[in-house]
Number of protein chains: 2
Amino acid sequence: MATSTVENYLKHLLLLAEDGEALVPMGALAAALEVVPGTATTMVKALADSGFVQHRPRLGVRLTPEGRRVALNVLRKHRLVETFLVHVLKMDWAKVHDEAEQLEHAISDEVLDRLDALLGHPQTDPHGDPIPSRQGKLHSQVYATLATCTLDRSVRIVRITDQSAEFLRFAEQHGLQPGTAVRVADRNLPAGLLAVQKSGKAPAVSLSLVAAGKILVEPAR
Amino acid sequence: MATSTVENYLKHLLLLAEDGEALVPMGALAAALEVVPGTATTMVKALADSGFVQHRPRLGVRLTPEGRRVALNVLRKHRLVETFLVHVLKMDWAKVHDEAEQLEHAISDEVLDRLDALLGHPQTDPHGDPIPSRQGKLHSQVYATLATCTLDRSVRIVRITDQSAEFLRFAEQHGLQPGTAVRVADRNLPAGLLAVQKSGKAPAVSLSLVAAGKILVEPAR
DNA sequence: TGATTTATTTTGACTAATCAAAATAGCCGC
DNA sequence: GCGGCTATTTTGATTAGTCAAAATAAATCA
């Protein structure tokens with residue numbers, strides 16, 4: 001069985017190279033896991049021996065099909081647990097990430113399936129991140145962001161890509177959550193600022209371009 | 001923070017000396033944790049350094065108040081998780097023990113409280129084991145068993161003390177679950193056998209004395 | 001091309017938890 | 001009161017995961 005450390009390495013590799021093609025540089029992996037680079041190197045060599053990753057020395061790492069399979073299962077657990085915590089236990093969506101970080105390594109596949117059924121087989125978690133299917137399909141799609149979408153066109157928020165509690169709380173405070181329809185009323189590139197109008201009367205929210213880039217949207221139908 | 005190994009040592013010490021008075025012999029602790037005695041000795045000395053237990057060399061170990069506090073919290077998590085798995089996720093009551101063994105170390109106190117509220121602050125888990133209160137009170141009571149209760153008197157099953165999947169499945173098969181009213185129709189000490197009659201017509205169930213001793217009962221009111 | 005910077009890997013050391021096997025303490029019988 | 005049994009403790013070794021710091025390779029820049 002993969003230890004929870006192994007699961008974490010694989011999960012972060014998946015998140016750092018969602019396509020599965022690209023080689024993840026050792027430094028990026030080490031940073032994501034908050035370990036020193038030497039530790040990541042050592043661990044990656046062990047993972048390669050177990051057949052979970054392919055290691056190209058000095059170039060980077062990438063998941064093998066087997067590693068990807070395990071990583072997708074962990075990610076599925078993480079996102080279903082988050083969904084459960086928000087929808088059933090009514091927890092603060094800014095807190096559930098850290099909880100799920102622990103629980104993803106402790107729940108069995110059977111509990112996972114029952115949780116999935118209880119929640120009605122959701123497609124995305126409360127932050128809008130897609131939940132991998134049981135078969136390991138991850139319907140990831142390229143979305144526009146509030147920083148890139150058409151001006152003055154109504155769009156629907158689908159996903160918040162920054163999972164930090166601070167950012168999530170900020171987003172919640174201004175009602176910028178998946179499902180909400182908004183419109184970018186103005187974008188001032190030199191100043192790095194933009195104004196987001198929630199449908200209706202409410203005053204426009206002012207956002208930095210950096211923050212806006214973390215909020216994915218699709219055209220509102 | 002206590003590692004999950006530490007939590008397990010403390011939990012088992014609590015279960016082996018529920019009163020908190022008695023010294024638990026090192027061998028008993030090692031057996032409960034399925035480690036060799038030397039390992040338990042080493043670990044217990046570390047636990048004593050951290051203030052969780054008192055170690056009387058060659059005599060035994062017992063929890064300090066602080067150790068007991070931690071142990072009760074772990075036990076509360078274990079039993080509430082079991083209750084959740086059976087009542088909400090509808091899992092087989094014979095399987096939930098092993099699941100809870102993992103989850104008890106992964107859930108936060110906040111999740112614990114919300115789970116408790118969701119379940120309506122249950123007093124006992126699905127096996128009838130008492131759930132420690134948030135304040136660390138464990139309403140444990142001395143019960144009779146099917147092996148010791150009065151003959152031909154109607155009693156209600158309150159608790160199954162053997163958590164092994166085999167025994168639980170056996171109990172379930174014969175409808176011997178907490179809440180069920182039964183009557184010991186006959187007890188044959190030399191043969192080590194007894195006959196249990198479920199209220200009504202069903203044929204009597206034949207049980208060994210050993211098995212009967214694992215089923216706690218109280219007088220049916 | 002040669003020197004410098006940067007990323008990665010190696011080396012040596014540490015911690016937590018474990019086992020196997022040897023040493024020891026306590027008790028029990030005679 | 002001495003020998004022997006049993007439970008416990010010690011000792012030495014192992015594994016997983018980590019860090020600090022030295023060594024190396026690659027990339028960059030002059």
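Here is how names work: the chains are called A, B, and so on, in the same order as the sequence lines, proteins then strands, and each is numbered from 1.
- Side-chain N/O atoms of B:Thr3 include one lying less than 4.0 angstrom from OP1 or OP2 on C:dA17.
- The distance from atom CG of B:Leu23 to atom P of D:dA7 is 17 Å, rounded to the nearest whole Å.
- When atom types are taken as modelled, the side chain of B:Trp93 and the backbone of B:Leu168 share a donor-acceptor pair closer than 3.5 angstrom.
- Contact annotation: A:Thr42 side-chain N/O to C:dT9 OP1/OP2 distance is not under 4.0 Å.
- Without hydrogens or angle criteria, A:Arg76 side chain to A:Pro132 main chain gives a donor-acceptor distance under 3.5 Å.
- With rounding to whole Å, A:Leu47 atom CG is found 14 Å from D:dT18 atom C1'.
- Residue A:Gly27 is in sugar-phosphate contact alone, with no base atom involved, counting any heavy-atom pair closer than 4.0 Å across all strands shown.
- Note on A:Thr41: a side-chain N or O is less than 4.0 Å away from OP1 or OP2 of C:dT9.
- Rounding to whole angstrom units, CD of residue A:Glu34 and P of D:dC19 are separated by 10 Å.
- Counting to the nearest Å, the C1' atom of D:dA16 and the CD atom of A:Glu7 are 15 Å from each other.
- The nearest whole Å value for the distance from the CG atom in B:Leu33 to the C1' atom in C:dA17 is 12 Å.
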- [ ] List the steps, then state whether salt bridge (Lys or Arg N to Asp or Glu O under 4.0 Å) holds for B:Glu66 with B:Arg69.
- [x] CA-CA 5 Å; B:Glu66 171 63 5; B:Arg69 198 189 58 70; 3.1 Å; yes
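- Here C:dT8 is the nucleotide among C:dT18, C:dT8, D:dA20 with the atom lying nearest to any side-chain atom of A:Pro37.
- Relative to the side chain of A:Lys45, the nucleotides C:dT10, C:dC19, D:dC19 differ in distance, and C:dT10 lies closest.
- Across B:Gln163 and B:Glu82, no two heavy atoms sit closer than the pair OE1-OE2, 3.9 Å.
- Checking side-chain atoms of A:Ser50 against main-chain N and O of A:Phe52 turns up no donor-acceptor pair under 3.5 Å.
- Residue contacts shown for B:Thr5 are limited to sugar-phosphate atoms, with no base heavy atom under 4.0 Å away.
- Put simply, CD1 on B:Ile131 and NE2 on B:His78 are 10.0 Å apart, with the number rounded to the nearest 0.5 Å.
- The 5' end of DNA chain C is approached more closely, in terms of each residue's nearest nucleotide, by B:Ala46 than by the other of B:Gly38 and B:Ala46.
- Using a distance-only test at 3.5 Å, with no hydrogens or angles considered, no donor-acceptor pair links the side chain of A:Arg56 to the main chain of A:Arg62.
- Taking only side-chain nitrogens and oxygens, A:Tyr9 comes nearer than 4.0 Å to OP1 or OP2 of D:dT18.
- Atoms CG (B:Leu29) and P (C:dA17) sit 14 Å apart, rounded to a whole Å.
- Following rounding to the nearest Å, A:His12 (NE2) and D:dG17 (P) show an atom-to-atom distance of 16 Å.
- Residues of residues 51-59 of chain A that place a heavy atom closer than 4.0 Å to DNA chain C, in numerical order, are A:His55, A:Pro57, A:Arg58.
- Distance B:Met26 CE to C:dT18 P: 14 Å, rounded to the nearest Å.
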